[in-house]
Amino acid sequence: MRLRRFAFVAFLSCLMVAPAAMAWGPLGHRVVAKLAWDQLTPQAKSAVIRLLATQSPYITMVSIANWPDQLRDYPDKQHLWATTHREHYVDIDNRDCHYNPPRVCSHGQCVVAALEHYEKVLGDKSLPASERLQALKFVVHFVGDEHQPLHDYGPYKGGNTYKVTVFGHKGELHRVWDSGLIETREMTWKPYAKFLESEGPVQLPAPEPGVAPAVQVAVAGCHIAQKVFPANHAIGAAYVTKWRPVAEHQLRLGGARLAKVLNRILG
């Protein structure tokens with residue numbers, strides 16, 4: 001595959017500006033939210049709209065998708081960022097991808113436990129709308145986070161310290177997966193979501209008895225993540241050709257999974 005010049009420049013620029021804690025970056029999270037929105041039941045859509053309207057009639061599920069990453073930029077949200085930034089990932093650190101909560105999710109500080117918590121808050125109609133709306137923002141974002149494989153794998157800090165050369169330029173593997181791979185499509189979120197939807201419905205994995213859905217997603221992501229570290233630390237066209245379809249499949253799974261969660265809680 002030959003990357004066009006604009007795509008190559010976009011790939012490099014996202015590596016330089018994407019914060020390391022992000023998963024998918026703004027583009028990927030918006031795509032996941034849009035894919036999910038298009039799969040919501042009418043009842044779930046109405047519930048989401050009502051919650052969003054308690055803040056503003058102009059915000060959408062897509063527009064809140066990156067809010068948990070943006071907390072670091074708000075002076076009045078620094079405490080919330082400090083208490084939630086570890087909830088964006090789970091550092092599964094063994095080759096079998098076994099999820100061991102005391103080891104990888106101490107005190108509930110990981111994306112698996114966070115999703116369990118915020119899903120409960122979102123579904124509790126006795127709570128104030130403001131609290132449920134905040135939970136919705138975290139659920140939309142964290143489901144996306146979980147489907148970025150390097151947010152499910154601990155070694156090299158999820159690829160943040162795994163140095164690579166991207167078409168000869170220095171970078172980190174985590175950022176390649178956050179934004180670099182999907183930025184090569186040269187699409188904004190709306191046409192990108194439409195492009196992925198054109199591939200037809202994606203089939204979610206069958207539930208595993210006795211395994212929480214968020215755990216199942218994290219374990220699957222861990223198994224993918226182990227395979228994406230290039231032995232020669234070099235990323236070029238062949239790497240994009242091989243792994244971009246996987247990243248896009250994860251986006252589709254994230255959208256379907258988020259829709260399933262919201263339909264169950266709000267539909």
Side-chain angles (χ1 to χ4, degrees), residues 1-32 35 69 88-97 111 144-189 191-193 195-199 202 205 217-255:
M1 181 193 76
R2 194 172 125 201
L3 291 177
R4 286 188 286 170
R5 178 174 176 79
F6 181 83
F8 171 61
V9 172
F11 198 141
L12 295 179
S13 65
C14 77
L15 296 181
M16 291 185 286
V17 302
M22 281 189 176
W24 296 131
L27 173 62
H29 278 293
R30 288 171 185 144
V31 168
V32 169
L35 292 174
D69 275 339
H88 292 246
Y89 56 89
V90 55
D91 283 338
I92 299 177
D93 58 358
N94 57 85
R95 298 297 297 178
D96 294 331
C97 291
V111 68
D145 276 347
E146 247 208 326
H147 285 81
Q148 203 276 58
L150 288 173
H151 271 240
D152 304 315
Y153 191 53
Y156 300 101
K157 293 188 176 180
N160 277 301
T161 62
Y162 195 85
K163 304 300 181 180
V164 292
T165 57
V166 183
F167 295 92
H169 294 256
K170 294 180 179 180
E172 295 84 34
L173 185 64
H174 190 100
R175 291 180 178 180
V176 170
W177 275 82
D178 274 356
S179 302
L181 288 174
I182 62 176
E183 289 284 354
T184 63
R185 282 290 186 193
E186 304 177 47
M187 294 182 184
T188 56
W189 64 267
Y192 207 158
F195 167 74
L196 294 178
E197 287 173 334
S198 71
E199 298 184 14
V202 65
V217 172
V219 169
C222 172
H223 282 296
I224 295 172
Q226 291 182 3
K227 304 172 185 176
V228 306
F229 289 76
N232 61 358
H233 292 255
I235 290 176
Y239 188 95
V240 177
T241 299
K242 179 177 181 179
W243 290 110
R244 186 173 66 185
V246 176
E248 291 178 339
H249 186 66
Q250 290 298 110
L251 290 174
R252 295 172 67 210
L253 287 175

Exercise. State which residues pass ring-ring contact (aromatic ring centres under 6.0 Å, His included) with Tyr162; sequence neighbours excluded, sorted by chain then number.
Key: Tyr156, Phe229, His233

Quiz prompt | Approximate separation, where rounding is to 0.5 Å, of Leu251 CG and Trp24 CH2 | solution = 4.5 Å

Practice problem: Apply the test side chain to side chain contact (heavy atoms under 4.5 Å, CB included) to residues His151 and Asp178: give CA-CA distance (whole Å), side-chain angles for both, the deciding distance (0.1 Å), then the verdict. | Solution: CA-CA 9 Å; His151 271 240; Asp178 274 356; 4.1 Å; yes

Determine the minimum heavy-atom distance between [X] and [Y], stating which atoms define it.
X: Cys97; Y: Gln226; answer: SG-NE2, 3.3 Å
X: Glu197; Y: Leu35; answer: CG-CD2, 3.4 Å
X: Pro149; Y: Ala225; answer: O-CB, 3.5 Å

Quiz item: Who pairs with Lys157 by salt bridge (Lys or Arg N to Asp or Glu O under 4.0 Å), at least two apart in sequence or on another chain?
Solution: none

Quiz prompt | Flag for Tyr89-Gln148: side-chain donor and acceptor within less than 3.5 Å | solution = no

Exercise. Classify the side-chain pair Asp145/His29 by whether it contains a donor and acceptor separated by less than 3.5 Å.
Key: yes

Self-check item: Qualifying salt bridge (Lys or Arg N to Asp or Glu O under 4.0 Å) pairs, either residue in residues 217-243, two or more places apart
Solution: none

Exercise. For His249, check side-chain hydrogen bond (donor to acceptor under 3.5 Å, both in side chains) against everything at least two apart and list the hits.
Key: none

Exercise. Could you tell me which residues satisfy side-chain hydrogen bond (donor to acceptor under 3.5 Å, both in side chains) with Asn94, sequence neighbours excluded, listed by chain and number?
Key: none

Quiz item: Run the side chain to side chain contact (heavy atoms under 4.5 Å, CB included) check on Val228 and Tyr239 step by step: do they pass?
Solution: CA-CA 9 Å; Val228 306; Tyr239 188 95; 3.5 Å; yes

Self-check item: Positive for side-chain contact (heavy atoms from CB on, under 4.5 Å) with Tyr192, one of Glu186, Glu248, Arg30
Solution: Glu248

Self-check item: Partners meeting side-chain contact (heavy atoms from CB on, under 4.5 Å) with Pro245 (sequence neighbours left out)
Solution: none

